[in-house]
Amino acid sequence: LLPFGATITDDMLDEVEEALYEADLGVHASEFLVEKLRDRAGEINSGKTDPYTVMKESILSIIDHAKEKGTPTEKSRPYIILVVGVNGVGKTTTIGKLALRYKNEGSSVLLAACDTFRAAAVDQLEIWAKRANAEFIKAQEGADPASVAYDAIMRAKARSTDVVIIDTAGRLHTSRNLMEELKKIRRVLGKSDESAPHETLLVLDATTGQNALTQADVFNRDLNISGIVLTKLDGTAKGGIVISIIDKLKIPIKLIGIGEGVDDLRDFDPESFTEALFA
Amino acid sequence: ELTDKLEAVFKSIRGHGKLTEQNIKHALRDIRRALLEADVNFKVAKHFIESVQDKALGTEVFESITPGQLIVKIVHDELIKLLGEKDVRLQIKGSPEIFMVCGLQGSGKTTTIAKLAHYFRKNGRNPMVSSVDVYRPAAIDQLRVLARNNKITFFECDSDDPVSIAAKAIEAINTNDADVLLIDTAGRLHIDNAMMEELSKVRNILNPHHVLFVADGMTGQDAVNAVEGFIDFIDFDGVILTKLDSDTRGGAALSIRHVTGKPILFVGTGERIEALDVFYPDRYASRILG
Ligand SMILES: Nc1nc2c(ncn2[C@@H]2O[C@H](COP(=O)(O)OP(=O)(O)OP(=O)(O)O)[C@@H](O)[C@H]2O)c(=O)[nH]1
Ligand SMILES: Nc1nc2c(ncn2[C@@H]2O[C@H](COP(=O)(O)OP(=O)(O)OP(=O)(O)O)[C@@H](O)[C@H]2O)c(=O)[nH]1
Ligand SMILES: [Mg+2]
Ligand SMILES: [Mg+2]
């Protein structure tokens, strides 16, 4: 798309802008990157660099400025991971994949079914726990999510479990009540261990457009997100909106979901992600 | 707010005058930006702006309305026209009537099937639901629980083959005295050929009166890719857009409509069984413009 030796022309910049929009980078990031090309038009036209390299460097530099948040160098036990996000993005599936990953590293894992709301949510997580050979805990009849979270930590402490992953119900960031419910779960975790949760992962769907930035902003304000999981990158969506999320909120992308199987989880790789944006 | 932005742009041409290519250039750029920020696909936005420009050029600006207001009115009218002028309702196509729902992973199909069944039941019909999602953990349990909680007939089948479940569901219509059958399918990618082939086989067995594409209202530019893929493989005749209780601008609606020409029939506005609204183009146009 951006061949070496291409000269900066208005037509060429239009094509670049379209490619950026198509990857869901959004107006702000796309305009920023096109400006970068204009600024360095001299170097590009004289062959000192090329459009692709300029864009890639700008994007990698943005990604580089994400802060490493919330992961204590001293690993606590149990290491508590709270997983949140809007409806249908892939939280429960991601937890199943993550559980297997930790099991393969030799850690013991407990999955806590704190989605006490949605039909068959608990059954769904239980099947994932079996697939990953992880422990599983669910609510007593009628219990609320926060008390299940508390029970999970108590059980993990009693059994010296290494990792606890907490599944929560999907919820819109626009629902004040549901966001308060999440804050309550977080407070309860903090009571059992003041450094908990050690990770608060926000799961985002790569097919989501500009609303992903709003989601990240609100979830971060309410819960202090330590990392993002970007799912469904095995589809045709590029998830370019995360560039703006990293730029504005400095939250790192930690993991990506590339399918529905238990092995379809990868560490976020800035280089391959950036190259895929232009593919 | 788009109207205020455009007002500022047009301060200089109040009163008499015509809308010319020059004086609306900035306005069109602002509108294009607003559409892109609303997740309208950039190609669709481009075509849309061209049609607005065609309508706007040469239009007289009268004292009673400012140029900014005039442009916004043209944009608003064009949006409504593109989204579907008259509210298209679901046409009843005889009894028993068969619906098949499809779409990408997590878009809201299972929940929407339950909502549709509830909607039909409230309208005096006797719906039966069935799931051919043999892949997602507890997918069939999910639909069974939703059906049971809302007094909807659920077709039980212990086969793990989507095509035979579909065939058996059709046979069960009469035994259950149902006049509507709704089939839930697994979420799948338009680029997964094996899964799209399966969907095609299920469709052939069902020979449904309606195939509804359920899309997440927060979808960005990829909306166009997904619908093109599904149209090519199995065709569908209506769209349901979900999660519009969020603050997403929902520009995917415009993209989907522009690319496929299929009507948007309903919008999902929450997780409750009643949270299914008829789609109103004029209300939606205001939403997209922010
Ligand atoms: N193709 C693909 N599908 C995925 C990926 N991650 C999750 N899914 C699918 O997305 C759908 C939703 O996944 P869930 O794990 O139920 O999502 P969730 O966020 O827990 O949903 P709620 O709890 O209802 O809010 C399922 O069909 C998953 O198989 C991914 O990386 N790629
Ligand atoms: N807020 C809101 N949530 C919705 C709406 N429709 C569905 N959901 C939620 O979105 C999530 C996914 O819904 P599902 O019905 O499981 O989606 P699906 O398309 O069947 O998912 P797969 O079968 O995995 O492809 C669930 O948490 C639903 O409760 C809606 O209109 N608004
Ligand atoms: Mg879940
Ligand atoms: Mg489903």
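Note on naming: letters A, B, ... go to the chains in the order of the sequence lines (proteins, then strands), and numbering restarts at 1 for each one. Here the structure is a predicted model, which is why all the values come from computation and not from measurement.
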B:Lys262 NZ: over 12 foreign heavy atoms closer than 6.0 Å | yes

Count the heavy atoms of every other residue, nucleotide or ligand shown that sit under 6.0 Å from CG of B:Asp232, and state whether that count exceeds 12.
-> yes

Quick check on the interface: out of [options], who has the most heavy-atom pairs with chain B under 4.5 Å?
{"options": "A:Thr92, A:Asn87, A:Val89", "value": "A:Asn87"}
{"options": "A:Thr207, A:Thr93, A:Asp123", "value": "A:Thr207"}
{"options": "A:Glu126, A:Lys238, A:His173, A:Gln215", "value": "A:His173"}

If I measure from the heavy atoms of chain B, does [X] come under 4.5 Å with its side chain, its backbone, both, or neither?
{"X": "A:Glu17", "answer": "side chain"}
{"X": "A:His28", "answer": "neither"}
{"X": "A:Val122", "answer": "neither"}
{"X": "A:Thr214", "answer": "side chain"}

Distance from [X] atom [atom1] to [Y] atom [atom2], nearest 0.5 Å?
{"X": "A:Arg118", "Y": "B:Thr111", "atom1": "CZ", "atom2": "OG1", "value": "7.0 Å"}
{"X": "A:Asn211", "Y": "B:Asp39", "atom1": "CG", "atom2": "CG", "value": "7.5 Å"}
{"X": "B:Glu271", "Y": "A:Leu178", "atom1": "CD", "atom2": "CG", "value": "7.5 Å"}
{"X": "A:Tyr21", "Y": "B:Lys46", "atom1": "OH", "atom2": "NZ", "value": "11.5 Å"}

Checking [X] against chain A: side chain, backbone, both or neither under 4.5 Å from a heavy atom?
{"X": "B:Asp245", "value": "both"}
{"X": "B:Arg188", "value": "neither"}
{"X": "B:Arg136", "value": "side chain"}
{"X": "B:Leu189", "value": "side chain"}

Picking from B:Ile191, B:Asp216, B:Asn149, B:Asp192, which has the most non-hydrogen pairs under 4.5 angstrom with chain A?
-> B:Ile191

Is any side-chain heavy atom of A:Glu18 closer than 4.5 Å to a side-chain heavy atom of B:Lys43?
-> no

Taking the side chain as every heavy atom from C-beta outward, state whether A:Val86 and B:Met218 have any atom pair closer than 4.5 Å.
-> yes

Stepwise side chain to side chain donor-acceptor pair (under 3.5 Å) check, B:Gln105 with A:Glu260 | CA-CA 9 Å; B:Gln105 291 89 346; A:Glu260 303 186 73; 2.8 Å; yes

Mind running side chain to side chain donor-acceptor pair (under 3.5 Å) on A:Thr174 and B:Asp247 for me, showing each step along the way?
-> CA-CA 7 Å; A:Thr174 45; B:Asp247 56 356; 5.4 Å; no

Provide the closest heavy-atom pair for A:Glu22 versus B:Gln221 in the form atom of the first, atom of the second, distance.
-> O-CB, 3.6 Å

Considering all heavy atoms, the nearest B:Ala138-A:Ile127 contact = N-CD1, 3.7 Å

Is any NZ, NE, NH1 or NH2 atom of the basic residue among B:Arg33 and A:Glu31 found under 4.0 Å from an Asp or Glu carboxylate oxygen of the other?
-> yes

